[in-house]
Peer 1: 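Sharing a structure, written as structure tokens. Questions coming.
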Number of protein chains: 2
Amino acid sequence: MKLADVNTEERILEAAKKVFMKYGLYGARMQDIADTAGINKALLHYYFRNKEKLFDHVFDGALSKYFQQMEVFSDKSLPLIERINRYIDQMIDFLTEYPQMSIFIIKEISTNPELFHDKVHKIKNHKSTSLIAVLKESIELKEIPDIDPVIFLMNLHSLCAYPFVASPIFKVIIEKSKTTWSDPNNEKHKQSVKEFVAFKLSN
Amino acid sequence: MKLADVNTEERILEAAKKVFMKYGLYGARMQDIADTAGINKALLHYYFRNKEKLFDHVFDGALSKYFQQMEVFSDKSLPLIERINRYIDQMIDFLTEYPQMSIFIIKEISTNPELFHDKVHKIKNHKSTSLIAVLKESIELKEIPDIDPVIFLMNLHSLCAYPFVASPIFKVIIEKSKTTWSDPNNEKHKQSVKEFVAFKLSN
DNA sequence: GTCTATACTCGGATAGAC
DNA sequence: GTCTATCCGAGTATAGAC
């Protein structure tokens, strides 16, 4: 989407997303956002009273998109493994499009945990069932081995998201070993996560 | 270590570590650091000319400690799997002691990638061999299956570090499913990573 | 709605006494 | 070495013209 094509409010939001994602709440400069949007500072305040409010818009959007990814888990028409595999595909595609999403959210939450709880409570009023619950059920029905659902969920998220989060570090580590590093090769990456899941959930 | 027990410079460094780790370079306030150290702002400038310099001390320390964890990979007296398992134990213990270490480093690197390269180049003059090289060798000798070393390394790091990085998010996700979440249970966590390694590296 | 010019505030940095 | 008081710039926010 070209910034110049759309109306001012959207342009601001796009610009703010870019700048806040890179520098965070404190590091971002209103001037920078204005420049990116091709307008001047005063107009930012006209549309969004102040920096915090503008930030909130961006952050809320990011957070709800992120949680949205987990809705697949609720789709009872699919077998468990299939749901998880779709989650993997979807999450990795999502993070490819917004590679700074995780780090942005984590960064802001960890500097400001209080704020976070309220926000999540609004979002999580979703109809989505959590993977943990689904796993527990499958374990009781002996459909999958008796694994620890929390650890499994943690591992799953780790494998999907961390490569994006840590890509700045990886670039250097990899460089050291003279291997070239392009951003995570999605297909290989997805495959390796799916293998892990298959390994853990097969009897 | 009680802050009051040691000399001023160390007290400042301890305090700065705490505050910078939580809020990052931009978010941290010199006043906050001074208060935490039990001194006043002027003294901070007396010891460390300015905020950037103080930050650099903290960041450099963090970075070198982090990379230090990877030195096990070079220990040729141990079989490969053993080296990796020790890395897992060590890294998870390390992150338990400094849970905000990864997120701190990643956060600062991602907002300021330029600065990072120089710093790492100083540190990486270490004698340590990279895991990638070691893996490649073992693959050629047919000691382990023909896996992709980069993906493997990425998965390994992900499984170790991400639970600490993302613990603020996990707390909420888990809460939703009414399971209680204490910070990652280390022994279980280690075990699950080791199982993954065993799975990947066994013929 | 959009701009320019300006006011206000916060927080990093310094001067200077002790 | 440590303090109090003060300065000054950067960056957010507002007034007011168009």
Peer 1: Find the distance A/Y46:OH to C/dT4:P and express it as a whole number of Å.
Peer 2: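 It works out to 17 Å between those atoms.
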Peer 1: Nucleotide by nucleotide, 5' to 3', does protein get under 4.0 Å of the base (B), only the sugar-phosphate (S), or neither (-) in nucleotides 11-16 of chain D, counting heavy atoms?
Peer 2: SBBBB-
Peer 1: Please test B/V58 against B/F48 for side chain to side chain contact (heavy atoms under 4.5 Å, CB included), starting from the C-alpha separation and ending with a verdict.
Peer 2: CA-CA 11 Å; B/V58 173; B/F48 305 85; over 6 Å; no
Peer 1: Report the distance from atom CG of B/L25 to atom C1' of C/dG11, rounded to the nearest whole Å.
Peer 2: 13 Å
Peer 1: Once you measure the plane-to-plane angle for B/F199 and A/F199, does it fall in the parallel (<30°), tilted (30-60°) or perpendicular (>60°) bin?
Peer 2: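 Ring orientation of B/F199 relative to A/F199: parallel.
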Peer 1: Rounded to whole angstroms, how far apart are CG on A/L43 and C1' on D/dC18?
Peer 2: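 Spelled out: CG on A/L43 to C1' on D/dC18 is 14 Å.
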Peer 1: C/dG1, OP1 or OP2 - any side-chain N/O from A/T8 closer than 4.0 Å?
Peer 2: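 Checking C/dG1 against A/T8, no side-chain N or O comes under 4.0 Å of OP1 or OP2.
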Peer 1: Could you give the distance from CG (A/N112) to NZ (A/K119), rounded to the nearest 0.5 Å?
Peer 2: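 Output value for this atom pair is 9.0 Å.
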Peer 1: Walk me through it: do B/F104 and B/F59 pass the test ring pair (Phe, Tyr, Trp, His ring centres under 6.0 Å)?
Peer 2: CA-CA 9 Å; B/F104 172 66; B/F59 187 70; 5.8 Å; yes
Peer 1: Counting just side-chain N and O atoms, does A/N40 come under 4.0 Å of either OP1 or OP2 of C/dC3?
Peer 2: yes
Peer 1: Would you mind reading off the distance between A/F48 atom CZ and C/dT2 atom C1', rounded to a whole angstrom?
Peer 2: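 Going from A/F48 (CZ) to C/dT2 (C1'), I get 16 Å.
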Peer 1: Could you tell me whether a side-chain N or O of A/E108 sits under 3.5 Å from a main-chain N or O of A/L25, the two making a donor and an acceptor?
Peer 2: yes
Peer 1: Nearest to the A/Y47 side chain among C/dT4, C/dT2, D/dT4, which nucleotide is it?
Peer 2: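 Nearest to the side chain of A/Y47 among the choices is C/dT2.
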Peer 1: Over 60° means perpendicular and under 30° means parallel, so classify the ring planes of A/F73 and A/Y87, tilted if in between.
Peer 2: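 Geometry flag for A/F73 against A/Y87: tilted rings.
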